[in-house]
Q: 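The structure that follows is given in the form of structure tokens.
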Number of protein chains: 2
Amino acid sequence: MSSQAHELSIAQLTAVMEDFTRMSIRLPAVHRLSFTTLSVLHTLSSGGPKRLSELTAGEQVTQPAITQIVRNLERYGLVRRQPDPSDGRAVLVHITAAGAAVVDGRRAERMAHLAELAERLTRAERDAIAAALPALARLVELNERRID
Amino acid sequence: MSSQAHELSIAQLTAVMEDFTRMSIRLPAVHRLSFTTLSVLHTLSSGGPKRLSELTAGEQVTQPAITQIVRNLERYGLVRRQPDPSDGRAVLVHITAAGAAVVDGRRAERMAHLAELAERLTRAERDAIAAALPALARLVELNERRID
DNA sequence: GGAAACTATATAAGTCTCTTATATAAGTTG
DNA sequence: CAACTTATATAAGAGACTTATATAGTTTCC
């Protein structure tokens, strides 16, 4: 408790996090998929195949909702279900190439948007952000470890 | 086009933005309000009273949805509607003390969460983030100017 | 100055995305 | 082997949004 983040303003970091969230959410969606649906795709894209129960644990929705969402994604050809060989009850959900394309498409939009904004920052500002990225990524990593 | 952000990796910044969004969304909600509803409250809290049409412009939903959301918030006592003196058609929506308390409550949760994570960063990591916050805030500001 | 066009919001009905409740099947534990 | 737990599916219902449309006020144009 003596290792106090006295230079880092948590209030400012929180504000930036909130603003980043709103920036992210407000980019217009190309595909008419719900936020949870896109989040599931993103999770599969970055974390590899997962069980329905694992997907449920990572989203703020109920288990039947995840079942429905994955059924929908399967219908659109964005994911593929496969029985889990280690558990007769379970299903492993894999993202398909089409699903990965959806995730990549959105990321490309965000990257283009951020690149445009970043160009209007000063060199010093860009350097400061670049220097902080590994630490910000660590923050996220700590958060993920906390959840899992 | 020669002022290239060669030290700032847009891919990494995008990834952090996406992860921040997911961190933010995944904090369990105390109030059972939709994401859009909370976003409207947040907008009123930080930007002051706004017209329904202004709120519509800032969210990814239709005008009737905003009308319904604001009606709901009014019923909960979280906002207050007031005719716009400069336009007989328009309504100005003000956040109430109860509404501000909802926004502040969520922010406090996020701050507590981030503070806990930040404590587990090294001093150098916290310093790097602190140094980057003004630049990140500028990025957000540039984005807001782009929308308005 | 009045008609046409535009803007702001409200309402109704419908759709989609989620919820709760519950069922079934498979795995684990004692 | 029975009881309990876990994994997922299904059905019905509710909430949050949509589209369609209406009404009222403002602005523009002739």
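Labels below follow one simple rule: chain letters A, B, ... track the order of the sequence lines, proteins then strands, and each chain is numbered from 1.
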Q: Report the residue (A:Thr62 or A:Asp87) whose heavy-atom-nearest nucleotide on DNA chain C is the more 5′ of the two.
A: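 Nearest-nucleotide comparison on DNA chain C picks A:Thr62.
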Q: Within this structure, what is the CZ-to-C1' distance between A:Phe35 and D:dC17, rounded to whole angstrom?
A: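 My rounded result for the distance is 17 Å.
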Q: Can you check whether A:Arg51 has a side-chain N or O nearer than 4.0 Å to OP1 or OP2 of D:dA7?
A: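 Yes, such a contact exists.
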Q: Map A:Gly88 and B:Arg71 onto DNA chain C by nearest heavy atom, then report which one ends up closer to the 5' terminus.
A: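 Of the two residues, B:Arg71 wins.
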Q: Check if the side chain of A:Arg89 and the base of D:dT8 share a donor-acceptor pair of N or O atoms closer than 3.5 Å.
A: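 Answer is no: no donor-acceptor pair is held.
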Q: In this structure, how many angstroms lie between the C1' atom of C:dT17 and the CD atom of A:Glu59, rounded?
A: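 In whole Å, C:dT17 C1' lies 14 Å from A:Glu59 CD.
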Q: Taking all non-hydrogen atoms of both residues into account, name the closest pair between B:Ala135 and A:Glu125 and its distance.
A: CB-O, 3.6 Å
Q: Rounded off to whole Å, could you give me the CG-to-P distance for the A:Leu92 and D:dA7 pair?
A: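 After rounding, the gap between these two atoms is 12 Å.
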Q: Rounding to a whole Å, what distance do you find between A:Glu54:CD and D:dT8:C1'?
A: 14 Å
Q: Does any N or O donor sit under 3.5 Å from an N or O acceptor when you compare the side chain of B:Gln63 with the base of C:dA10?
A: yes
Q: Side chain of B:Gln68, base of D:dT18: donor and acceptor closer than 3.5 Å?
A: yes
Q: Taking atom C1' of D:dA7 as reference, at what distance in whole Å does atom NZ of A:Lys50 sit?
A: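 One finds 16 Å between C1' of D:dA7 and NZ of A:Lys50, rounded.
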Q: Between D:dT8 atom P and A:Glu74 atom CD, what is the distance in whole Å?
A: 14 Å
Q: Side chain of B:Asn72 only, please: which of D:dA16, D:dT18, C:dT9 is the nearest?
A: D:dA16
Q: Whole angstroms only, please: what is the CD-C1' distance between B:Gln60 and D:dT18?
A: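 It works out to 14 Å between those atoms.
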Q: Looking at the side chain of B:Leu52, which of C:dT20, C:dT9, D:dT18 is the nearest nucleotide?
A: C:dT9
Q: Once you round it to whole Å, what is the distance between C1' of D:dC17 and CG of B:Leu55?
A: 16 Å
Q: Let me see the working for B:Ile95 and B:Val103 under side-chain contact (heavy atoms from CB on, under 4.5 Å), right down to the final yes or no.
A: CA-CA 10 Å; B:Ile95 197 167; B:Val103 175; 4.2 Å; yes
Q: Can you check whether B:Thr36 has a side-chain N or O nearer than 4.0 Å to OP1 or OP2 of D:dC17?
A: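 It does, given that an N or O in the side chain of B:Thr36 lies less than 4.0 Å from OP1 or OP2 of D:dC17.
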Q: Look at the side-chain N and O atoms of B:Ser53 and state whether any lies under 4.0 Å from the OP1 or OP2 oxygen of C:dT9.
A: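 Checking B:Ser53 against C:dT9: at least one side-chain N or O falls below 4.0 Å of OP1 or OP2.
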Q: So, is A:Thr67 close to the D:dA7 phosphate, meaning a side-chain N or O under 4.0 Å from OP1 or OP2?
A: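 So the side chain of A:Thr67 is outside the cut-off, no N or O lying under 4.0 Å from OP1 or OP2 of D:dA7.
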Q: Taking all heavy atoms of B:Thr56 and all of B:Ile66, pick out the closest pair and write down the distance.
A: OG1-CG1, 3.4 Å
Q: Roughly how far, to the nearest 0.5 Å, is the CG atom of A:Leu114 from the CD atom of A:Glu119?
A: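 It is 12.0 Å, given to the nearest 0.5 Å.
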Q: Students often mix this up, so state it plainly: with edges at 30° and 60°, are the rings of B:Phe20 and A:Phe20 parallel, tilted or perpendicular?
A: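 Plane angle between 30° and 60°, so tilted.
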Q: Checking all strands, does A:Ala90 fall into the base, sugar-phosphate, or nothing category for heavy-atom contacts under 4.0 angstrom?
A: sugar-phosphate
Q: What pair of heavy atoms forms the shortest contact from B:Ala131 to B:Pro134, and how long is it?
A: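 Closest approach of B:Ala131 to B:Pro134, heavy atoms only: O-CD, 3.5 Å.
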Q: Categorize A:Ile66 for me: base, sugar-phosphate, or nothing, with a 4.0 angstrom heavy-atom threshold over every strand shown.
A: nothing
